[in-house]
Amino acid sequence: MERRSDTDGSATDERLLAAYAAGDRSASRRILERFAPTVFRLACRMLGNQADAEDVTQEVMLRLWKMAPVWQSGNARVSSWLWRVTANLCTDRLRARRLGSSLSPDETADNRPSQIDRMMESERSRALEDALSDLPARQRIAVVLRHLEGRSNPEIAEMLDTTIEAVESLLTRGLRGLRDRLGKRQEELGWT
């Protein structure tokens with residue numbers, strides 16, 4: 001069940017982590033390439049800004065490097081551990097600032113065809129991030145992992161250290177909360 005996603009398809013997450021712990025510098029680069037983008041996306045969606053998401057991503061990766069020598073194979077998947085640490089760090093930051101914020105428009109995206117499309121996408125993102133920021137932390141994490149990151153309910157349950165039934169409940173309440181917060185804007189923003 002280990003994830004295989006590097007270019008040669010031969011190294012599992014745990015083997016890469018063990019190789020890094022043994023001093024293989026290329027393993028560190030491959031782990032970073034494999035996980036940092038998804039950690040960053042989750043942090044960005046939870047925190048609402050790229051600067052904080054970059055800080056969390058850096059902290060998560062540093063924690064991974066520090067724990068690599070003592071990683072015990074079979075206890076948890078590396079990806080699940082990373083998701084849990086990311087979610088916890090984001091939740092801690094959100095608690096510390098005690099207010100929601102929205103993502104600024106993604107100024108680095110070049111693949112959008114027109115300014116109008118960029119403005120509409122920015123408005124959609126802002127509305128979604130505002131609605132997400134109003135949800136309780138565990139509901140927000142579950143919704144982001146399931147509907148924005150494409151994780152399965154069993155994976156989310158493992159990441160949140162809870163049951164699948166609890167994840168389903170979090171998702172139901174989170175989606176209901178999003179619908180309530182977005183209200184009539186859903187149609188206006190192109191969401192059905």
Side-chain angles (χ1 to χ4, degrees), residues 1-6 9 11-18 20-21 30-48 52-53 55-68 70-97 100 103 125 128-182 191-192:
M1 283 199 151
E2 292 174 332
R3 182 175 161 186
R4 296 175 183 259
S5 63
D6 63 336
T12 66
D13 299 339
E14 287 185 358
R15 277 191 253 157
L16 277 175
L17 198 56
Y20 167 76
R30 290 174 26 215
I31 289 171
L32 190 63
E33 290 171 351
R34 179 178 290 182
F35 292 114
T38 54
V39 167
F40 174 76
R41 280 194 312 271
L42 174 60
C44 200
R45 287 180 173 136
M46 287 188 65
L47 297 171
D52 285 346
D55 290 344
V56 166
T57 302
Q58 183 177 10
E59 178 65 25
V60 169
M61 298 313 295
L62 285 172
R63 288 184 183 196
L64 180 64
W65 304 146
K66 287 179 184 177
M67 60 73 53
V70 296
W71 181 263
Q72 293 183 357
S73 187
N75 283 348
R77 292 185 350 206
V78 175
S79 59
S80 296
W81 182 90
L82 284 166
W83 283 106
R84 187 174 300 143
V85 171
T86 302
N88 289 340
L89 287 173
C90 289
T91 300
D92 290 346
R93 280 183 179 250
L94 290 168
R95 277 190 199 126
R97 64 179 163 178
L103 278 174
S125 292
L128 179 59
E129 293 303 326
D130 286 344
L132 280 169
S133 71
D134 289 341
L135 294 177
R138 288 181 65 82
Q139 289 178 23
R140 181 181 326 116
I141 293 166
V143 168
V144 167
L145 289 173
R146 180 72 180 114
H147 295 287
L148 299 177
E149 293 297 328
R151 297 297 174 167
S152 69
N153 289 359
E155 285 178 303
I156 297 168
E158 182 181 343
M159 291 172 203
L160 297 179
D161 195 27
T162 191
T163 64
I164 294 172
E165 293 78 17
V167 168
E168 291 168 353
S169 177
L170 288 168
L171 289 169
T172 299
R173 290 181 312 204
L175 292 175
R176 186 179 317 123
L178 285 177
R179 278 192 296 275
D180 291 347
R181 284 161 179 80
L182 291 170
W191 290 322
T192 54

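Atoms considered below: every heavy atom in the structure, side chains included; atoms not considered: hydrogens, waters and symmetry mates.
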Measuring from atom [atom1] of [X] to atom [atom2] of [Y], what distance do you get when rounded to the nearest 0.5 angstrom?
X	Y	atom1	atom2	answer
Met159	Asn88	CE	CG	12.5 Å
Thr163	Ile156	OG1	CD1	12.0 Å
Glu155	Glu149	CD	CD	11.0 Å

Side chains of residues 164-177: which donor-acceptor partners sit under 3.5 Å, not counting sequence neighbours?
{"residue": "Thr172", "atom": "OG1", "partner": "Glu168", "partner atom": "O", "Å": "2.9"}

Just so I know, are the side chains of [X] and [Y] near enough to count as touching, which here means a heavy-atom distance under 4.5 Å?
X	Y	answer
Val60	Phe35	no
Val78	Leu64	yes
Met61	Leu32	yes

Heavy-atom closest contact ([X] atom, [Y] atom, distance):
X	Y	result
Val85	Arg63	CG1-CD, 4.1 Å
Ala43	Cys90	CA-SG, 3.6 Å
Glu59	Leu89	CG-CD1, 3.6 Å
Trp83	Thr38	CH2-O, 3.8 Å

Can you sort out the partners of Ala18 under side chain to side chain contact (heavy atoms under 4.5 Å, CB included), two or more places apart, ordered by chain and number?
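Partners of Ala18 by the side chain to side chain contact (heavy atoms under 4.5 Å, CB included) criterion come out as none, since no residue qualifies.
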
In chain order, what residues pass the side chain to side chain contact (heavy atoms under 4.5 Å, CB included) check against Asp55, with sequence neighbours excluded?
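For Asp55 the side chain to side chain contact (heavy atoms under 4.5 Å, CB included) partners, ignoring immediate neighbours, are Asp52, Arg93.
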
If we ignore hydrogens and angles and just use 3.5 Å, is the side chain of Arg181 paired with the main-chain N or O of Asp134 as donor and acceptor?
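Indeed, once roles are kept as given, a pair shorter than 3.5 Å links the two residues.
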
Counting N and O atoms only, with roles assigned by atom type, does the side chain of Arg146 sit under 3.5 Å from a partner on the main chain of Arg151, one being a donor and the other an acceptor?
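Checked: pair present.
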
Give every donor-acceptor pair under 3.5 Å between a side-chain atom in residues 137-145 and any protein atom, sequence neighbours left out.
{"residue": "Arg140", "atom": "NE", "partner": "Leu132", "partner atom": "O", "Å": "2.9"}
{"residue": "Arg140", "atom": "NH2", "partner": "Ser133", "partner atom": "O", "Å": "3.4"}
{"residue": "Arg140", "atom": "NH2", "partner": "Leu135", "partner atom": "O", "Å": "2.9"}

Side chain to side chain donor-acceptor pair (under 3.5 Å) partners for Thr91, two or more places apart
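With sequence neighbours excluded, Thr91 shows a side chain to side chain donor-acceptor pair (under 3.5 Å) to no residue whatsoever.
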
ring-ring contact (aromatic ring centres under 6.0 Å, His included) against Phe40, all qualifying residues, sequence neighbours excluded
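Once residues adjacent in sequence are excluded, Phe40 has no partner under the ring-ring contact (aromatic ring centres under 6.0 Å, His included) criterion.
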
